[in-house]
Amino acid sequence: MSIPRSRCPVLHAVVVPASRPDAPLGHVGRSRFVLTALLLAGVVCSPSARPQEQRDGDLATGSREPGVRWEPHVGETLDGRTLEGRLGRITVPENRSSGSGREIEIAFVHYATRHPDPGPPIFFLVGGPGPSGIEWCAEAALDDRLRLLDHADVIGIDQRGTGFSGPGFDDGPRFEYELPLDRAITREDVIEAWQGAMARSYEHWTEAGVDLSAYNTMESADDVDAVRAALGYDAIVPVGTSYGSHLGLAYLRRHSEHAARALLMKVEGPDATWKLPSSTQRHLERLSEMVAADPGIGADLPDLVGTVRSILARLEQEPVQVTSSRGGETYTVVIGPYDVQTVVATALGHASNLAGLPSALALMEQGEYEHVLGFALRNRYGDVGTPMAIMMDCSSGATPGRTARIESERLDPENLLADAIAAPFYPETGAACGNPDLGDDFRAPFRCDVPVLFVSGDLDARTPPENVDAILDGFEHGAHLLVRNTGHDARELESAEYRQLVEAFLRGETVESTTITLPPLLFRPLGRPGR
C-alpha cells in the first residue's frame with residue numbers, strides 16, 4: 001500500500017518525532033530531533049567595542065557595509081510578534097579549497113539593539129544542519145527569558161544551501177523512499193532505501209552544477225567569518241546549540257582571533273557527529289533508575305531496561321500487525337524491533353518525551369502498539385531532505401577509532417538500541433554521495449584561549465556531557481555548566497540560576513564549571529498515552 005505524504009497519520013503517542021535533532025519542529029529531513037527551545041537557549045551580551053554610529057543608518061540600503069546587498073526584512077516569532085530588521089546578502093566562493101571560481105550567495109538577517117552600550121554582536125548559529133537561521137533568529141532575539149536585543153545586535157545566518165542562501169536546495173525536487181508495510185523492516189532496509197534516494201539527489205544537484213563536496217562545516221565556518229568581515233565587526237559572539245555548537249567550534253578553530261567569547265550548548269564536538277551506542281544505553285539505564293525510584297510508577301515498572309529487552313525479544317520472534325483507521329483511511333503495518341528501537345532512541349534526551357516514554361513502553365509490554373503506528377509509518381515513508389544536511393554530517397564524519405567503536409558497540413547485544421539514535425541517517429549513507437570527509441585534522445582536539453561556556457544536560461542522549469569532557473582541557477578559559485534533569489531541549493531556561501550564570505558570562509565575567517539541578521521529571525501515569 002502506498003501512503004501519500006499528506007495522508008500519513010501522526011503518532012498519537014508520548015513520543016512524537018520532529019525531523020532532525022538539531023532542527024526546529026516542522027523541518028523535513030533526518031530524524032535527529034531538536035525542539036524549538038534548543039534554538040532559543042539563553043543568550044545575552046557584554047560591552048562592545050563597536051561604536052554606536054557604525055550601527056545606525058538606513059536599514060534598507062545598508063550603505064555603511066559596501067559589498068552587502070540589503071533589503072528590509074520583518075522577522076516573526078512563533079507567537080506572532082514581529083521584528084523589523086534588514087536582510088543582507090554577500091557572495092562567497094562555493095569551494096575555497098578547489099579554487100573553481102563558482103560563487104554562491106550567503107544571506108543573513110541583522111537586528112539592531114537599542115542598548116546604548118551594546119556588547120559584541122551575537123552570531124546566532126542555528127542547529128540542524130538544514131533549518132533557516134534567518135527564520136529562527138527573531139525567536140531567539142526576542143526570547144522573553146533571555147532577550148538578546150536588550151544587550152547586543154543579533155545576526156542570524158542562513159548557512160550555505162539553506163533558506164535565502166543559494167543554491168536553493170529547499171526549492172528543489174524531493175527524493176523519496178518507501179519501504180513495505182507488510183513485514184518488519186530492519187536497519188539494512190532503511191540504509192538501502194536512503195542510499196538510493198540520496199544517490200538520486202546527489203546526481204540531480206551535481207548535474208545542476210552544484211559542488212556538493214563544498215557543503216561542509218569548514219566552508220560554513222569561513223562563511224560566518226565572511227559575514228563578520230562584510231559587516232565590519234572586529235569580534236563576535238558565536239552562539240549555537242547542537243549542530244550550531246559544532247559549527248561554533250569550527251569557527252573557533254579557524255577564526256578564534258575574531259571571537260570575543262562563545263556560548264555553545266548541547267555540544268556536538270569535532271569528533272562527536274556520530275553517536276556512541278554505549279552512551280545511548282547508559283541513558284536508557286539512567287531512565288530506568290529514575291522510573292524505578294518514582295513513587296507514582298516505579299512499583300509497576302521497576303525495570304525499564306528489562307521491559308525494553310522483553311519487548312524487543314518478543315517482536316524478534318513474532319512481529320505485531322497493527323491496523324488503525326484515521327481520516328477515512330485504514331492503515332495496517334507490521335511492527336518489529338527496529339520500530340521500537342527508533343521510538344525509544346528518539347525519545348531519549350528530550351525531557352518532554354522522556355516523561356511519557358514509560359507509559360508507552362508499558363502499553364507495548366501489554367501487547368498494545370497502536371500508538372507506535374505513526375512512527376512506524378515515518379520509518380517506512382519519507383525523503384532525504386536537503387542534501388546540505390547530509391553532506392555536512394558526512395563530511396564531519398568520525399575518526400577511525402570512533403568509527404570502529406561505534407560498529408563494535410552496535411553489534412553488542414547489551415546495547416539494546418544499537419545505533420538507532422542515528423536513524424534514518426546512518427554513516428553508510430555517505431557512500432551514495434562520494435563519502436566526503438574533512439579528515440582527522442578537522443576532528444582533532446584543539447587549543448583555544450577564547451572564553452567559552454559549554455552547556456550540557458545530563459539526560460541528553462544526543463549530545464551527552466562527555467562530549468564536553470572530551471574537549472574541555474583544550475580551552476584555557478572554558479567552563480562546563482552541567483544541568484541535571486534536562487536533555488536536548490532547553491528546560492534549563494526554567495532556572496533563574498542558569499540564566500544568571502549565562503548573563504554573567506556574556507557580560508565578560510568569569511564563570512566556573514558548576515552543576516545546576518532542576519526539579520525531577522514528572523512521569524505520566526501508566527496507561528493510555530496523553531491521558
Side-chain angles (χ1 to χ4, degrees), residues 5 19-23 27-32 92-106 128-132 158-179 187-223 243 246-247 250 273-274 378-398 403 419 422-439 442-443:
R5 172 172 295 278
S19 15
R20 263 274 293 172
D22 319 291
H27 170 67
V28 177
R30 293 169 287 161
S31 65
R32 294 161 73 189
V92 300
E94 182 177 46
N95 192 327
R96 294 172 174 88
S97 61
S98 73
S100 66
R102 175 181 159 91
E103 294 183 326
I104 60 173
E105 197 168 69
I106 299 298
S132 166
D158 272 355
Q159 296 158 27
R160 51 175 49 208
T162 68
F164 289 91
S165 293
F169 292 134
D170 292 340
D171 298 326
R174 303 169 74 97
F175 296 94
E176 300 178 336
Y177 61 89
E178 187 170 347
L179 291 167
R187 177 184 186 274
E188 289 67 33
D189 291 328
V190 174
I191 290 172
E192 181 179 0
W194 257 71
Q195 284 182 332
M198 184 57 207
R200 297 193 301 274
S201 175
Y202 187 83
E203 180 181 11
H204 169 84
W205 290 107
T206 300
E207 289 180 353
V210 177
D211 181 0
L212 287 176
S213 70
Y215 291 80
N216 59 64
T217 300
M218 185 170 65
E219 291 282 0
S220 191
D222 290 349
D223 293 342
Y243 173 78
H246 189 71
L247 176 56
T273 296
W274 301 117
R378 288 191 59 143
N379 279 342
R380 288 157 176 78
Y381 184 86
D383 68 82
V384 297
T386 169
M388 174 272 192
I390 296 172
M391 298 302 296
M392 288 284 174
D393 274 3
C394 285
S395 297
S396 290
T403 299
D419 60 347
F425 181 65
Y426 294 100
E428 290 91 333
T429 304
C433 50
N435 286 320
D437 187 8
L438 288 174
F442 171 83
R443 293 182 282 267

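- Shortest non-hydrogen contact noted between Thr429 and Gln195 is CA-CG, 4.1 Å.
- Rounded to the nearest 0.5 Å, atoms OH (Tyr426) and CZ (Arg187) are 6.0 Å apart.
- Once rounded to the nearest 0.5 Å, the distance linking OG of Ser165 with CZ of Arg160 reads 9.5 Å.
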Thr386 vs Tyr215, side chain to side chain contact (heavy atoms under 4.5 Å, CB included): CA-CA, chis, key distance, verdict: CA-CA 11 Å; Thr386 169; Tyr215 291 80; over 6 Å; no
Worked verdict on Asp437 versus Arg443 for salt bridge (Lys or Arg N to Asp or Glu O under 4.0 Å): CA-CA 10 Å; Asp437 187 8; Arg443 293 182 282 267; 2.7 Å; yes
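- A distance of 11.5 Å separates OG1 in Thr217 from CE in Met391, rounded to the nearest 0.5 Å.
- Phe425 and Trp274 have their aromatic ring centers within a separation under 6.0 angstrom.
- A pairwise comparison of heavy atoms in Gly161 and Met388 identifies O-CB, 4.4 Å as the closest pair.
- No more than 12 heavy-atom neighbours from other residues, nucleotides or ligands sit within 6.0 angstrom of CD on Glu192.
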Trace of the side chain to side chain contact (heavy atoms under 4.5 Å, CB included) decision for Glu176 with Tyr381: CA-CA 8 Å; Glu176 300 178 336; Tyr381 184 86; 3.5 Å; yes
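- Closest non-hydrogen pair, Trp205 versus Gly172, comes out as CZ2-CA, 3.7 Å.
- Side chain of Glu94 to backbone of Val210: no donor-acceptor contact under 3.5 angstrom is found.
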Criterion side chain to side chain contact (heavy atoms under 4.5 Å, CB included) on Ile390 and Tyr202, from CA distance to verdict: CA-CA 10 Å; Ile390 296 172; Tyr202 187 83; over 6 Å; no
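- A heavy-atom distance below 4.5 Å is found between the side chains of Phe169 and Leu212.
- Closest of all the heavy-atom pairs between Gly397 and Thr273 is O-CB, 3.9 Å.
- Rounded to the nearest 0.5 Å, atoms CG (Leu247) and CE (Met218) are 12.5 Å apart.
- Of the possible donor and acceptor atoms, none in the side chain of Ser201 sits under 3.5 Å from a partner among the backbone N and O of Ala197.
- Counting only heavy atoms from C-beta outward, the side chains of Gln159 and Asp223 never approach each other to under 4.5 Å.
- In this structure, Gly166 and Ile104 approach most closely via the heavy-atom pair O-CB, 3.6 Å.
- Rounding to the nearest 0.5 Å gives a distance of 9.5 Å between CD1 of Ile106 and CD of Glu219.
- Distance check: Trp194 CH2 to Leu179 CG gives 12.0 Å after rounding to the nearest 0.5 Å.
- Pro129 approaches Pro131 most closely through the heavy-atom pair C-CD, 3.5 Å.
- Proximity of a side-chain donor or acceptor of Ser396 to a complementary backbone N or O of Asp393 within less than 3.5 Å is not detected.
- Between Cys433 and Cys394 there is a side-chain heavy-atom pair separated by less than 4.5 Å.
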